[in-house]
Structure formats: structure tokens, C-alpha cells
Participant: 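Structure below; questions to follow.
Reminder, nothing fancy here: chain letters follow the sequence lines and each chain counts from 1.
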There are 2 protein chains.
Amino acid sequence: MADRKPRKDAARNRASLLAAAEELFASRARPEDVTMSDVAAAAGVGKGTLFRAFGDRTGLIRALYAARLEPVEEAVTTGPPPLGPDTPPLERVPAVLDALLCLKIDNRHLALALEATGSDSPYDADHYDRWHALLRGALEQVPGFGGGDGSGDFAAHALLAAVRADLVEHLVGVRGVERERLRSQLADFTARVLGQRSEA
Amino acid sequence: MADRKPRKDAARNRASLLAAAEELFASRARPEDVTMSDVAAAAGVGKGTLFRAFGDRTGLIRALYAARLEPVEEAVTTGPPPLGPDTPPLERVPAVLDALLCLKIDNRHLALALEATGSDSPYDADHYDRWHALLRGALEQVPGFGGGDGSGDFAAHALLAAVRADLVEHLVGVRGVERERLRSQLADFTARVLGQRSEA
DNA sequence: TACGATGCGGACCGGCGGTCCGGTTAACGT
DNA sequence: ACGTTAACCGGACCGCCGGTCCGCATCGTA
């Protein structure tokens with residue numbers, strides 16, 4: 001943490017850039033037709049400032065997404081049930097997946113932009129490992145997933161794949177599935193995976 | 001189909017291009033550092049010929065992938081059990097997913113290149129709709145998925161998400177999971193979704 | 001106020017996917 | 001065998017994008 005205190009204009013420019021980028025990603029249909037020059041121009045600064053502040057395109061999007069992700073991560077790591085660590089696995093797994101789904105729905109543009117960086121797959125992101133480890137840990141306390149056969153590991157990957165940004169975008173954005181309907185479908189699917197058959 | 005018969009050199013160049021592209025995508029680590037110029041050069045033709053033959057980058061990759069996909073699609077639509085249409089759903093769903101998984105494992109580079117086109121999400125590809133419709137149809141004949149609540153629809157999406165190319169690449173290519181192990185994990189997961197609890 | 005350090009900005013760069021058109025060559029009628 | 005023609009070839013070329021660079025303005029401090 002050798003970070004020196006940033007200058008006042010630098011901080012203000014950083015904020016303008018975040019706001020402008022947020023705005024642009026929300027308004028344009030496809031994330032990849034928001035260019036770095038667009039962001040800089042919309043914020044009223046030069047490209048140099050943009051790259052100085054965030055390193056590269058991925059850095060910018062990560063900064064945006066991190067702001068949205070952080071409250072959820074905190075609720076999961078140090079919060080009360082049904083998200084926090086003091087929740088029985090059978091309850092926590094669906095709660096975490098639901099929280100992630102809502103996050104992706106509410107921030108489709110950002111999540112999509114992040115996955116569409118191109119240069120790195122979603123599985124290289126460090127927060128993916130955290131979600132995976134969490135889910136895996138919870139699953140392995142559920143009867144049937146306990147063995148060292150990796151079934152909890154794979155199930156964690158598969159469940160996370162069900163809330164991937166582009167799938168969510170396809171369902172909500174393209175096919176027009178309503179938010180609550182999707183939530184209940186995911187809950188239903190999760191319950192099935194956990195072995196809680198639901199009669200229909 | 002007003003397609004005129006192509007000239008002989010055109011056909012040969014097309015074949016060289018396919019072979020060269022196949023080779024390049026297999027040898028280079030990341031699909032996006034195979035450039036169109038690379039492909040043309042490796043095939044010993046000009047870029048114009050490459051773009052004339054396939055339209056654009058996506059067209060080239062689709063042509064490559066289609067060749068691998070076609071036998072599987074035929075086995076599923078007009079083949080014998082356990083893939084063909086005369087298979088009971090509880091058997092067909094895992095068989096289809098296993099076939100897809102094997103396809104993705106064996107053609108990781110191509111599947112990855114296809115999903116990494118950037119310009120279009122995997123869910124815009126027409127073959128995705130076919131797989132989804134197939135799986136959905138089979139699932140809806142399974143007790144518990146039958147209602148008009150869309151649980152079969154969502155489950156089909158979720159199961160397909162579990163065999164997405166970048167997840168497969170992460171598991172097999174990065175984390176070194178063995179092919180047979182992954183197949184059995186997927187089978188286990190699928191069985192869970194279908195309500196067939198496995199004791200471990 | 002004067003002076004260093006820090007940040008600014010936009011011209012610039014390399015490389016990408018994709019286009020264009022003059023030269024070349026295959027296919028076919030005679 | 002040969003001429004005609006339409007199709008095809010190739011690589012120079014274009015526009016655009018992410019990212020860099022460096023002379024200049026601005027901030028924080030004595």
C-alpha cells in the first residue's frame with residue numbers, strides 16, 4: 001500500500017470517468033461499441049487520463065463492476081442469514097445463487113461488458129474463484145456431495161454457469177423473461193440439484 | 001439454392017484455408033491471436049481469397065465447427081438410441097449432454113474460437129436453439145418438468161450452460177481434469193437434475 | 001510567489017478485420 | 001487447339017480501436 005494520496009483533480013476525473021462509463025454502457029446496446037475514446041470524451045477528459053486512471057479497458061470495467069459486487073460479497077462473507085456464513089447449506093446455496101442472479105439482472109450491461117473483454121475468460125477473474133469456493137464448500141456439507149469425487153466441485157461450476165451474464169441477458173433482455181419468473185425458475189432448478197424434488 | 005458450381009481452384013483454396021485454420025487454431029493457445037492474415041498466409045493464398053470464401057471471421061469459424069458438429073446433430077436427429085429420437089427422455093438427456101461435452105472437449109479450440117467471436121453471443125447461434133429445443137422437449141416429458149411454468153425451458157438452458165466451451169476449457173485445459181472424470185461428473189450432475197439421486 | 005511533482009490531453013502508433021480492383025486463370029463453345 | 005469471358009486471386013489499402021508518449025498545465029507546498 002505505497003499509494004500516495006492522489007491529487008484532487010485526479011480524483012474528480014476518476015469519478016467523472018466512472019460516471020460516464022456507467023452511463024455509456026447502460027445506454028449503448030452492445031458493450032463493445034463503447035470505445036475508450038467515447039468514455040474519455042463523455043467524461044470531458046483526454047484518453048491519457050482514462051488510461052492513467054484505470055490501466056486498460058478491463059481495469060475500467062472491473063472498477064465499475066467491483067462497486068456493484070462489493071455489497072453482495074460483504075453480505076455473503078460477513079452478513080446475517082440467508083447469505084452469511086451462519087446459514088445452513090441447503091438454505092445458503094439457493095440464497096447465494098439468487099443474489100448473484102439479481103446482481104447480474106440489475107447490472108446486465110456491466111457483467112456483459114466484463115465477460116466480453118475478450119482477452120480473458122470469466123474463469124480467470126479472481127472473484128469467480130471466490131464464488132466457486134464458497135459454493136463448493138457449502139455443497140460439500142450436503143449429503144450426496146460430500147465424497148472426494150469432485151461432484152460438489154463440478155456442481156458449483158454448473159450452478160454458476162446457470163447465472164452467467166450472457167445467459168441472463170438472453171433470457172431477460174432478448175426473450176423478455178420477467179425478473180421474478182426467472183428467479184423462481186432458478187430457485188426451482190437449484191432445489192432439484194440439491195435433491196429437493198418439487199412436485200408440479 | 002442458385003449456387004453456381006465453384007471453380008476448381010476456388011474449391012481447392014477453400015480446402016487449404018480450412019486445413020490451415022484448423023491447424024492454427026489447434027496450435028496457438030488463444031483463438032484471438034490467430035489473425036485472418038495468418039490463416040491466409042498459412043494456406044498460401046491472399047486475404048481477399050479468404051474473405052471471399054467465408055465472408056468474415058465468424059463465417060470461417062462456423063464452417064470449421066459445422067464440420068465437427070454435423071455428425072453429432074445427425075446422430076441425434078436420425079440415429080439409433082441412446083442419442084436418436086427413439087430414446088426415452090431419462091436416457092436421452094444425459095446422452096445428448098455427454099455427446100455435447102465430448103464434442104467440446106475434442107474441439108476445445110474451435111468451440112472457444114466460436115464463442116470468442118465477440119460480435120455475437122453463443123445464444124444467437126442457430127444451433128443453440130436446436131439443442132435447447134431438443135433438450136427442452138425431452139425434459140418436458142419427465143415428471144416434474146411438465147408444467148407450463150417453464151422449468152423445463154430453464155433447465156435446458158442451465159444444463160447447456162454446464163457444457164459451455166470456456167468452462168470445459170477451464171476444467172480440462174487449465175485445471176487438468178481428465179476427460180472421463182469430467183464426463184462422469186456431468187452425468188452425476190445431470191442425474192441429480194433429473195431427480196435420480198445417487199448415493200455416494 | 002516560486003518551484004518541484006503530479007497529472008493532463010490529444011497526436012500518434014501498431015495491428016486488426018475487412019475492402020477493392022488490376023491482373024490472372026479456369027471453363028467452355030467453336 | 002484456341003479465343004472469349006466471367007470468375008477468381010492477391011496484397012496494397014482503409015478505418016478503427018486499444019494503448020502509448022511527452023510537452024505543457026495544474027496542484028500542493030514552503
Side-chain angles (χ1 to χ4, degrees), chain A residues 1-21 24-25 28-64 112-120 124, chain B residues 1-21 24-25 28-64 110 112-120:
Chain A
M1 286 300 162
D3 289 349
R4 310 295 317 194
K5 47 176 76 171
R7 249 164 55 172
K8 209 186 300 179
D9 52 350
R12 208 185 44 205
N13 280 335
R14 184 184 169 91
S16 313
L17 284 164
L18 284 171
L24 282 178
F25 279 118
R28 299 259 225 275
R30 328 197 79 242
E32 56 263 11
D33 43 58
V34 175
T35 74
M36 295 283 108
S37 300
D38 287 342
V39 175
V45 304
K47 282 177 63 173
T49 306
L50 172 53
F51 281 94
R52 167 169 290 271
F54 297 100
D56 60 2
R57 176 174 241 263
T58 305
L60 170 64
I61 301 174
R62 271 214 282 260
L64 285 168
L112 219 45
L114 192 58
E115 287 193 5
T117 323
S119 55
D120 46 31
D124 294 337
Chain B
M1 295 313 145
D3 289 348
R4 311 295 314 197
K5 47 176 73 173
R7 249 166 58 170
K8 210 185 298 179
D9 53 349
R12 210 185 44 203
N13 280 335
R14 184 185 169 91
S16 314
L17 283 165
L18 284 172
L24 281 178
F25 280 117
R28 298 259 225 276
R30 332 196 75 239
E32 56 264 11
D33 42 59
V34 175
T35 74
M36 298 303 267
S37 300
D38 287 342
V39 175
V45 304
K47 283 178 63 174
T49 306
L50 171 53
F51 281 94
R52 168 169 293 270
F54 297 100
D56 60 3
R57 176 174 241 263
T58 304
L60 169 63
I61 300 173
R62 272 215 281 260
L64 284 169
L110 292 183
L112 219 45
L114 192 57
E115 287 193 5
T117 324
S119 55
D120 46 31

Participant: Starting at atom CG of A/Leu50, determine the distance to atom C1' of D/dC17, rounded to an integer number of angstrom.
Facilitator: 13 Å

Participant: Classify the nucleic acid contact of A/Thr35 as base, sugar-phosphate or nothing, counting any heavy atom under 4.0 Å across all strands shown.
Facilitator: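 Sugar-phosphate, backbone atoms only, no base.
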
Participant: Which of these nucleotides, C/dG17, D/dC9, D/dG18, is closest to any side-chain atom of A/Phe51?
Facilitator: D/dG18

Participant: Does a side-chain N or O from A/Thr49 land closer than 4.0 Å to OP1 or OP2 of C/dG9, or not?
Facilitator: yes

Participant: If I compare all heavy atoms of B/Pro31 with all of B/Phe25, which pair ends up nearest, and what's the gap?
Facilitator: O-CE2, 3.6 Å

Participant: Using atom CG of A/Asp33 as one end and atom C1' of D/dG15 as the other, report the distance to the nearest whole Å.
Facilitator: 16 Å

Participant: Provide a list of protein-nucleic acid N or O atom pairs under 3.5 angstrom, restricted to nucleotides 27-29 of chain D.
Facilitator:
unit_1: D/dG28; atom_1: OP1; unit_2: A/Lys8; atom_2: N; d: 3.3

Participant: Whole Å only: how far is the CZ atom of A/Phe54 from the P atom of D/dG19?
Facilitator: 14 Å

Participant: Starting at the 5' end of DNA chain C, which residue's closest nucleotide do you reach first, A/Ala10 or B/Gly55?
Facilitator: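 Its nearest nucleotide being more 5', the pick is A/Ala10.
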
Participant: In this structure, how many angstroms lie between the C1' atom of C/dG23 and the CZ atom of B/Arg52, rounded?
Facilitator: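 Spelled out: CZ on B/Arg52 to C1' on C/dG23 is 14 Å.
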
Participant: Picking from C/dC8, D/dC8, C/dG17, which would you name as closest to the side chain of B/Met36?
Facilitator: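 My answer, after comparing the listed nucleotides, is C/dG17.
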
Participant: Report the C-alpha distance between B/Arg52 and B/Asn13 in whole Å, list the side-chain angles of each, state the deciding distance to 0.1 Å, and finish with yes or no for side-chain contact (heavy atoms from CB on, under 4.5 Å).
Facilitator: CA-CA 11 Å; B/Arg52 168 169 293 270; B/Asn13 280 335; over 6 Å; no

Participant: Run A/Leu18 and A/Phe54 through side-chain contact (heavy atoms from CB on, under 4.5 Å) and show every step you take.
Facilitator: CA-CA 10 Å; A/Leu18 284 171; A/Phe54 297 100; 3.7 Å; yes

Participant: Looking at B/Asn13, I'd like to know whether one of its side-chain N or O atoms comes within less than 4.0 Å of OP1 or OP2 on D/dC9.
Facilitator: yes

Participant: How close or far is atom C1' of C/dG15 from atom CG of B/Asp38, stated in whole angstroms?
Facilitator: 11 Å

Participant: How close or far is atom C1' of C/dG17 from atom CD1 of B/Ile61, stated in whole angstroms?
Facilitator: 12 Å

Participant: Taking all atoms of both residues into account, what is the closest heavy-atom pair of B/Thr117 and B/Thr58, and its distance?
Facilitator: CG2-OG1, 2.7 Å

Participant: Rounding to an integer number of Å, can you tell me how far A/Arg14 CZ sits from C/dT6 C1'?
Facilitator: 16 Å

Participant: Please report, rounded to the nearest Å, how far the P atom of D/dC21 is from the CG atom of A/Asp56.
Facilitator: 15 Å

Participant: Return the nearest nucleotide to the side chain of B/Lys47; candidates are C/dG18, D/dG18, C/dC16.
Facilitator: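 Of all the options, the side chain of B/Lys47 is nearest to C/dG18.
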
Participant: Flag yes if more than 12 heavy atoms outside A/Arg62 fall under 6.0 Å of its CZ atom; otherwise flag no.
Facilitator: no

Participant: Could you report the tightest heavy-atom contact between B/Val45 and B/Leu17, atom names first, then the distance?
Facilitator: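 In this case the closest contact between B/Val45 and B/Leu17 is CG2-CD2, 3.6 Å.
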
Participant: If every non-hydrogen atom of B/Asp38 is compared with every non-hydrogen atom of B/Arg28, which pair is closest and at what distance?
Facilitator: OD2-NH2, 2.8 Å

